[in-house]
2 protein chains.
Amino acid sequence: MKYEAAKLKDISKALGLSISTISRALNDSYEISEKTKKKVREYAREINYRPNPVAVSLRDKRSRSIGVIIAEIANSFFSQMINGVDSVAHNRGYNVIITQTHESYHRELSNLNFLASSSVDGCLISVSTETENFDHIIHLHEKGLPFVCFDRIVEGIKTHKVSFDNFRGAYEATNELLKNRYKRIAMLGNASHLSITQERLEGYKNALEDAGILFDQSMVRYCLHGGMIYDEVKKAVDELMHLRKKPDALFTASDKLTTNIIRYCNNRKIRIPEKLGLIGFSNLDIADLLTPSISVIRQPAFEMGRSAAELLIKLIESKHPPVDFENKVFPPEMLIRQSSGL
Amino acid sequence: MKYEAAKLKDISKALGLSISTISRALNDSYEISEKTKKKVREYAREINYRPNPVAVSLRDKRSRSIGVIIAEIANSFFSQMINGVDSVAHNRGYNVIITQTHESYHRELSNLNFLASSSVDGCLISVSTETENFDHIIHLHEKGLPFVCFDRIVEGIKTHKVSFDNFRGAYEATNELLKNRYKRIAMLGNASHLSITQERLEGYKNALEDAGILFDQSMVRYCLHGGMIYDEVKKAVDELMHLRKKPDALFTASDKLTTNIIRYCNNRKIRIPEKLGLIGFSNLDIADLLTPSISVIRQPAFEMGRSAAELLIKLIESKHPPVDFENKVFPPEMLIRQSSGL
DNA sequence: ATAATTTACGTAAACGTTTTCGTAAATTGT
DNA sequence: ACAATTTACGAAAACGTTTACGTAAATTAT
């Protein structure tokens, strides 16, 4: 026994009216008498009729669903962001289809094709760390599929963007360490070609510069997988720690990097903040429970998700392509705790 | 300019063949000559044709999508579980639509209606803490919508279930505390009517009993929101801590309860494990990084997700309703660390 | 050589909606 | 009283597939 929902035909037969009359009655058309409307509405409610969204999608050439492409659900930044997306999408009657790249370009490609062929009305995308070429996205965008980029920004695409003030976050974080008299501050970044990595690097550089400290390329290391793979992080920090002049503080430029550095220091018995000052990007809501509590740059992920979803839906529902595009930049929330100095 | 995907008609016109011939060629029908098939396939590939899934859904009366109802995405257990669901669903060509209840019965109801009317082929559900009546689920299930229950089990529904050995997890956790010579072990549980809460309570009780300790009702407290709301947790622990004979150890029966207890102890400067032994359910992957490191009962969330998805898809794709139903019970992974005693 | 069968394709219906167009019946206007 | 208009509805097409059915042409069988 397959699940069968009520349809217009059922109401039509039951009331001896045509299908089109039923449809119009339920859509409150002026062409239908109040008496008929009432009768139809009552019966529809009785059998719990809901328009079949698949049929409506086919007819309207829109599915009322939006696709989301992110790296990992099991990442506090993204899961909070999805919450934001979800909250506005559901309110506006849109379905959300979430796909993960796990930081793989290949999966990003296949997810994107999947979403496009699934007739989503638009797409929210934060590219994978592996993605260096944006042709797949630009191609679909040019064919008319609405996109909103968030977090990791795609170059060369004319659309709305929701991003974060990575420069300022990194600048203030570095500055916090400087203020606490750390002298040799290293930076551990995500994949070097990502927009966010470059912006964070600039913030870090500028803070050093403003403090009169010479920028030293050897104090910067990148992790292609954004900190997901512990061994990659370990290798990078090991290198830093074996420099002739090793760092006395560390700025970590992603969520997973921050937690894996803490794991590293635990393993190596490196005391934070005495031996190594630490401040990093993180949206983990228990960063304050660690010992020492971790100073973090927090991103307003939920609000960013809301904003991205709103922009996308606006794009989808507008008749004409907008003349100019918004670039919403969210400010960092600096949560200064123990790890960045006492 | 709206996004327009290639369709059969485009190929049909281009090659001067009928739409049905194109369709059959692409579906490798025996009725079409190899020569034609080749020609069609090549052109289809050239224009990147993909069948419109909405049209296919309407035709086939199935959408190749499954709905998931959980409490919170931003909860490590659920996000890991979704990863598992996602991994098998995508392999089998199914879409995953995730909805959150935020532990509200009302939202569960509306999400379920939304999914059912969205023509999902089946549903994976872990009920909200507020849900005490399962009629909405049973009703849809009786109308033929396939369900698989996981984690929090629904009573009175004849279908596959994917659960966790809550009894054993609670038993072993309590036992661990007993082994370390804690005498007055309290339990902090999720909403009392949930299946998981009752099973965990039984495990806790049995461990006490086997150790010859009298079960004391006043040592058990429940949090209706499963630990989501700090004040609710605080109130419950405050009560425990103001008992004449206050507990010397605590068993927390959910993810959020465990982290919020740690927050409570931090605030109140209660030393773990000296003043209060602690062991709890948690799937956080940084429980080992806290000081002290937290002993946890870990649930194989990813595997549970995979299993649930596999069972659901099997249900969806089987012609006849299965004669008997599986009840997969996953064993706990006990990660004993410092918080439960030295 | 002619009948029977197979091959290779086209036509049309169906899935459940919405909407354009058409039209009897009822109402209004003069 | 008759024309003009409005009211209230039905028939049918369209969205993009898949597939049952029909059928010329090609092949095989006798």
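Residue numbers start from 1 in every chain, and the chains themselves are labelled A, B, ... in the order their sequence lines are given, proteins ahead of strands.
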Report summary line: With sequence neighbours left out, the residues meeting side chain to side chain donor-acceptor pair (under 3.5 Å) with A:Lys13 are none

**Report entry** A:Thr101: side chain to side chain donor-acceptor pair (under 3.5 Å) partners, not counting sequence neighbours
**Finding:** none

Tabulate atom names and distances for all N/O pairs under 3.5 angstrom spanning the protein and nucleotides 6-11 of chain C.
unit_1 : atom_1 : unit_2  : atom_2 : d
C:dC9  : OP1    : B:Thr36 : OG1    : 2.9
C:dC9  : OP2    : B:Ser33 : N      : 3.1
C:dC9  : OP2    : B:Ser33 : OG     : 3.1
C:dC9  : OP2    : B:Thr36 : OG1    : 3.1
C:dC9  : N4     : B:Glu31 : OE2    : 2.9
C:dG10 : OP1    : B:Ser18 : N      : 3.2
C:dG10 : OP2    : B:Ser18 : N      : 2.9
C:dG10 : OP2    : B:Ser18 : OG     : 2.7
C:dG10 : OP2    : B:Thr21 : OG1    : 2.2
C:dG10 : N7     : B:Arg24 : NH2    : 3.2
C:dG10 : O6     : B:Arg24 : NH1    : 3.3
C:dG10 : O6     : B:Arg24 : NH2    : 2.5
C:dT11 : O4     : B:Ser20 : OG     : 3.1

Suppose we screen for side-chain contact (heavy atoms from CB on, under 4.5 Å). Which residues come up paired with [X], at least two apart in sequence or across chains?
X: A:Ser110; answer: none
X: B:Asn327; answer: B:Lys161, B:Ser163, B:Val329
X: B:Tyr94; answer: B:Arg62, B:Arg64, B:Ile66, B:Ala89, B:Arg92, B:Asp121, B:Ile313, B:Ile316, B:Glu317
X: B:Glu31; answer: B:Arg24, B:Ser29

Query raised in the report: Please give, in whole Å, the distance from D:dT18 P to B:Arg62 CZ?
Result: 13 Å

Look for any protein N or O under 3.5 Å of an N or O in nucleotides 13-16 of chain C and output each such pair with its distance, or none.
unit_1 : atom_1 : unit_2  : atom_2 : d
C:dC15 : O2     : B:Arg59 : N      : 3.3
C:dG16 : OP1    : A:Lys7  : NZ     : 3.0
C:dG16 : OP1    : B:Lys61 : NZ     : 3.2
C:dG16 : OP2    : A:Lys7  : NZ     : 3.1
C:dG16 : N2     : A:Ala55 : O      : 3.4

Query - Net bend of the helix from C:dA1-D:dT30 to C:dT30-D:dA1, end axes of five pairs each, nearest 10 degrees - result: 50°

Query - Which residues share a ring pair (Phe, Tyr, Trp, His ring centres under 6.0 Å) with B:Phe114, sequence neighbours left out - result: A:His90

Under 3.5 Å donor-acceptor pairs involving side-chain atoms of residues 43-54 of chain A, not counting sequence neighbours:
unit_1  : atom_1 : unit_2  : atom_2 : d
A:Asn52 : OD1    : A:Val54 : N      : 2.7
A:Asn52 : OD1    : A:Ala55 : N      : 3.3

Query raised in the report: Would you say the side chains of A:Thr21 and A:Ser18 form a donor-acceptor pair under 3.5 Å?
Result: yes

Scan the side chains in residues 122-131 of chain B for donor-acceptor partners under 3.5 Å anywhere in the protein, sequence neighbours excluded, and list what turns up.
unit_1   : atom_1 : unit_2   : atom_2 : d
B:Ser126 : OG     : B:Asp151 : OD2    : 3.2
B:Ser128 : OG     : B:Glu130 : N      : 3.2
B:Ser128 : OG     : B:Thr131 : N      : 3.3
B:Ser128 : OG     : B:Thr131 : OG1    : 2.9
B:Thr129 : OG1    : B:Leu224 : O      : 2.9
B:Glu130 : OE1    : B:Tyr105 : N      : 3.0
B:Thr131 : OG1    : B:Glu108 : OE1    : 2.9
B:Thr131 : OG1    : B:Glu108 : OE2    : 3.3

